[in-house]
There are 2 protein chains.
Amino acid sequence: MAPRSANKTAAPSDKVGMICRALRRAIIEQALAPGAKLPEDSLGERFGVSRTIARHALGQLAAEGLVELRRNRIAVVATPSWQEARDAFDIRIELERLVVRQLAGKLTKAQVAELNAHVDAEDRARDGSDAVSIRLATEFHILLANMTNSPILVRYVSEVAYRCCLTLSLYSRPHSSECAINEHRAIIAALVKGDEAKVMSLMHSHLDSVASRALVAPAPQRGRDLLDILAPYAEESEGAGRVVKLSKVVRAR
Amino acid sequence: MAPRSANKTAAPSDKVGMICRALRRAIIEQALAPGAKLPEDSLGERFGVSRTIARHALGQLAAEGLVELRRNRIAVVATPSWQEARDAFDIRIELERLVVRQLAGKLTKAQVAELNAHVDAEDRARDGSDAVSIRLATEFHILLANMTNSPILVRYVSEVAYRCCLTLSLYSRPHSSECAINEHRAIIAALVKGDEAKVMSLMHSHLDSVASRALVAPAPQRGRDLLDILAPYAEESEGAGRVVKLSKVVRAR
DNA sequence: AGCGCCTTAATTGCATGCAGTTCGAGGAGC
DNA sequence: GCTCCTCGAACTGCATGCAATTAAGGCGCT
């Protein structure tokens, strides 16, 4: 039962695939924050390929919604609106309910072990950086999806999970992810027990709580602009109480 | 309420987008059957662009699952397995239930009119080619998704609907699509009435019936190979009862 | 005749070059 | 000092060229 059933659809040599994976990871670990610029040249240079390849990878990522491509403009890491975040979570809930419904009571011992191992890893990472915790939590869900052996489902769950991850980094506060870990354990238990209804409602409430923990309010209304983020710092700037050159900052973004 | 809220994620100039749209349409209308070869050169020539663009379009379509890309090989129209078809329909059901749940009782008059006009068009097309009927039926669902104003949902529903359309062309028989049209009308009515539960179950059974009408049995087991398709014709070939040059045919595929 | 090997034409993978557009810094004007 | 405008650098859009791989037809062999 090889867990390697990934994407059949990705044959563009895999230089492209490699860059995609690298960027995806950088994005969800917030090494690349939303809005970060991704010039083709730099990417190509960084990964030792030509612009052509970098460009192709960006296209791929754009199709997944992680990157925003505007004509004649530098590609940037996507900055989903609050509404889009909400939508993504709604879709995610349905898709993942489907996942666990298919999986309930059908997991092999090896698969259960793999899941447990992953959650253990999540546990161990609690002391480390938030970024890694978030990534692992996301990957738990993808691991689950993988076990359905449905490439389409895997692709959609992955995509939407990454997207949600991205929005979490935008709208959520410091993060108390311990509970998520317990919820993951509970889901595994219910899956093993094979109680379809139970595991579906567990997954539902799990994602719901993640979403609401993160998306409590459309706080930074339109989210993206630095204005809100910089507000607290404005007072401390060397000048008078006046807020510094906002127009400049806005354009800088 | 401009229905133009399509994809923010598609800015690669739109030469790419145009080719994608053309190919998608050709595929779902079965002008391009599953397995059909799609050489970059020919595509580029046909659309008056260079291979670079054609290639990019193919990549896009591959990400959507309509095209299969194998390293160093000519791209072909995807040939989903029966299992993949089943999976696609499962996902589609969940996504479209989400669509109508969001839409129930929230349609504007203009939107209702648009939907009715579309179904009328479906009705009118009943005499025409099957291909057009199928496309219109698919587009009804996409039109519905569009009205949610959720770009992500639109994208996923579109993708999965196209995929399903592709599999229908593979596994389904002549087609009795009249019932589908009535079902579409029933869905509109329930949406207007605003009965969430009703419309969700309607959509569920609608898609379910489409799926089971098409996917009755995993008849051509692993589907793709010409062997099964050619079996009935083998007898009639000019030679003895012997099946003709199988090895050659297999390679030809 | 049928089957397999080998040569050649087709096709992809990738990089690079050129033209057009955008970005951003610096200077003129208020 | 602040804003607006202008111009050079940076970047993208796209086509084309070259090397590597595959697909296909022709040859001799059985």
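So that the names make sense, note that chain A is the first sequence line, chain B the second, and so on, each numbered from 1.
When the side-chain nitrogen and oxygen atoms of A:Lys37 are compared with OP1 and OP2 of C:dG24, one or more of them lie within a distance under 4.0 Å.
Remark on DNA chain C: of its neighbouring residues A:Ser50 and B:Ser42, the 5'-side contact belongs to B:Ser42, judged by nearest-heavy-atom nucleotide. Each of A:Thr52 and A:Ala75 was assigned the nucleotide of DNA chain D with the nearest heavy atom; the assignment lying further toward the 5' end belongs to A:Ala75.
A ring pair (Phe, Tyr, Trp, His ring centres under 6.0 Å) check over residues 128-152 of chain B, counting only residues at least two apart or in different chains, returns the pairs B:Phe140-B:His184, B:His141-B:His184, B:His141-B:His206.
Annotation: side chain to side chain donor-acceptor pair (under 3.5 Å) contacts of B:Ser50 (sequence neighbours excluded): B:Thr52. Residues satisfying the side chain to side chain donor-acceptor pair (under 3.5 Å) criterion with A:Glu45, sequence neighbours excluded, are absent altogether. Scanning for salt bridge (Lys or Arg N to Asp or Glu O under 4.0 Å) contacts around B:Glu139 gives B:Arg135, with sequence neighbours left out. In terms of the side-chain contact (heavy atoms from CB on, under 4.5 Å) criterion, residue partners of B:Ala26 (sequence neighbours excluded) are, by chain and number, B:Ala31, B:Leu32.
Between the CZ atom of B:Arg70 and the C1' atom of D:dA23 there is a distance of 12 Å, rounded to whole Å. The distance from atom NE2 of A:His56 to atom P of C:dC14 is 9 Å, rounded to the nearest whole Å. The separation between B:Glu45 atom CD and C:dA10 atom C1' is 13 Å, rounded to whole Å. What separates CZ of A:Phe47 from P of C:dA15 is a distance of 14 Å, to the nearest Å. Residue B:Asp41 contributes atom CG, which lies 14 Å from atom C1' of D:dT22 at whole-angstrom precision. Atom CE in B:Met18 sits roughly 15 Å away from atom C1' in D:dC14 (whole-Å rounding). Taking atom CG on A:Leu43 and atom P on D:dC11, their separation rounds to 12 Å, with Å as the unit. In this entry the distance linking CG of B:Leu38 with C1' of C:dA10 reads 16 Å, nearest Å.
Considering all non-hydrogen atoms of both residues, A:Cys164 and A:Arg92 come closest at CB-NH1, 3.4 Å.
One N or O on the side chain of A:Arg155 and one on the backbone of B:Ala63 form a donor-acceptor pair closer than 3.5 Å.
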All N/O pairs under 3.5 Å across the protein-nucleotides 17-22 of chain C interface:
unit_1	atom_1	unit_2	atom_2	d
C:dG17	O6	A:Arg51	NH2	2.9

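Of the candidates D:dG13, C:dA15, C:dT11, C:dA15 carries the atom nearest the A:Ile53 side chain, counting heavy atoms from C-beta on.
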